[in-house]
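The figures here come from the full heavy-atom set of this structure, side chains too, leaving out hydrogens, waters and symmetry mates. For the single chain, residues carry numbers from 1 onward in sequence order.
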Amino acid sequence: MNDMGRCGVFFGDERIGSAVWVMDADTVKISASCPAEDGMIYRATLSWHGGEMKLGVMMPSGGKFVVNRSVPRREARALTDATADSVRCAVTKNLPGEAPRDWPLPFDYSELRAVCENDVIGDLLFKSAVINGSARCAEREGRLYIVFPLSGEKASPFAPFFCMAQAVERKGELYGVITVDRHGRLE
């Protein structure tokens, strides 16, 4: 076996563990670990420029959460071709009984916080909608993700921005998501 690569395991922006992938003649064996957290379920996903691979639920083992996965070499070609510094292993966590994250955002729903006036948002109309509406937010890699309910039942302060919003669903509820870069520009 040849050591193909190694990367950090991250929860949000915090490095909490490590992952390694090793290749033999037919398979790529991937292993990721981080400290265990009582009462939580962790799921790991390896991602790189242009691809991702869900590793699955991490299991407790000796005070750590661990996940091991073997993938046929042909299915892992994009991973083995990626440079190690472009690969990242991210974990999501949820409580038992709570559904896994069911939207395509780089954070868990439980990580959303109230938006504050100090958050950098350059568009004054959008900032007013965010502060006066029922928006929540999370920050990841220099971006502020603004998440707000989408409902046709009442007027929304976000209506002028619907064309910019990505619609996501969680537990039957529809949300709009707009990202703001570190300079306050809407993306």
- What pairs with Y145 under ring pair (Phe, Tyr, Trp, His ring centres under 6.0 Å), at least two apart in sequence or on another chain? F107

- In the single-linkage hydrophobic clustering (I, L, V, M, F, W, Y; side-chain heavy atoms under 4.5 Å), do L144 and L125 co-cluster? yes

- Message: Please find the pair of heavy atoms, one from A44 and one from C89, that lie closest to each other, and give the distance.
- Response: CB-SG, 4.0 Å

- Query: Do the non-hydrogen side-chain atoms of I41 and V57 ever get within less than 4.5 Å of each other?
  - Reply: yes

- Flag side-chain contact, heavy atom, 4.5 Å: M58 against V66: no

- List in chain and number order the residues that pass salt bridge (charged side-chain N to carboxylate O under 4.0 Å, His left out) with E187, two or more places apart in sequence or in another chain; answer none if no residue qualifies. R143

- With sequence neighbours excluded, residues passing side-chain hydrogen bond (donor to acceptor under 3.5 Å, both in side chains) with T27: D24

- P72: side-chain contact (heavy atoms from CB on, under 4.5 Å) partners, not counting sequence neighbours: R74, E75

- Message: For R140, give me all partners under salt bridge (charged side-chain N to carboxylate O under 4.0 Å, His left out), at least two apart in sequence or on another chain.
- Response: E111

- From OG1 (T92) to CE (M40), nearest 0.5 Å: 9.5 Å

- Which residues pass the side-chain hydrogen bond (donor to acceptor under 3.5 Å, both in side chains) test with S31, sequence neighbours left out? N68

- Query: How many angstroms lie between SG in C137 and CD1 in I121, if you round to the nearest 0.5 Å?
  - Reply: 7.5 Å

- Query: Which atom names give the shortest non-hydrogen contact between V67 and L55, and what distance separates them?
  - Reply: CG2-O, 3.4 Å

- Task: Any chance you could lay out the side-chain contact (heavy atoms from CB on, under 4.5 Å) test for F11 and C34, step after step, and finish with the verdict?
- Result: CA-CA 10 Å; F11 177 68; C34 65; over 6 Å; no

- Side-chain heavy atoms under 4.5 angstrom apart, residues restricted to Ile, Leu, Val, Met, Phe, Trp, Tyr: same cluster for F10 and W21? no

- Task: Please identify each residue that fulfils side-chain hydrogen bond (donor to acceptor under 3.5 Å, both in side chains) with S128, with sequence neighbours left out.
- Result: N132

- Query: Can you list the residues that meet the salt bridge (charged side-chain N to carboxylate O under 4.0 Å, His left out) rule with K54, with sequence neighbours excluded?
  - Reply: E52

- Query: If only atom types and distance count, is the side chain of R136 paired as donor or acceptor with the main-chain N or O of L112 below 3.5 Å?
  - Reply: yes

- Item | Check against side-chain contact (heavy atoms from CB on, under 4.5 Å), S70 and K29 | CA-CA 4 Å; S70 291; K29 294 179 177 155; 3.5 Å; yes

- Message: Could you walk me through whether I178 and M164 satisfy the side-chain contact (heavy atoms from CB on, under 4.5 Å) test, starting with their C-alpha distance in whole Å, then the side-chain angles of each, then the deciding distance to 0.1 Å, before giving a yes or no?
- Response: CA-CA 7 Å; I178 295 178; M164 298 179 71; 4.3 Å; yes

- Item | Non-neighbouring partners of R185 that pass salt bridge (charged side-chain N to carboxylate O under 4.0 Å, His left out), sequence neighbours left out | D181

- Could you tell me whether the side chain of R15 reaches within less than 4.5 Å of the side chain of V9, counting heavy atoms only? no

- Tell me, do R88 and C7 make a side-chain contact under 4.5 Å, heavy atoms counted? no

- A135: partners by side-chain contact (heavy atoms from CB on, under 4.5 Å), with sequence neighbours left out: V115, V130, I146, F148, F158

- Message: Listing request: all ring pair (Phe, Tyr, Trp, His ring centres under 6.0 Å) pairs with a residue in residues 55-76, at least two apart in sequence or in separate chains.
- Response: Y42-F65

- Note on the structure: ring pair (Phe, Tyr, Trp, His ring centres under 6.0 Å) filter on F161, not counting sequence neighbours, yields F126

- Task: Would you please test T45 and M53 for side-chain contact (heavy atoms from CB on, under 4.5 Å) and show each step?
- Result: CA-CA 6 Å; T45 301; M53 180 183 300; over 6 Å; no

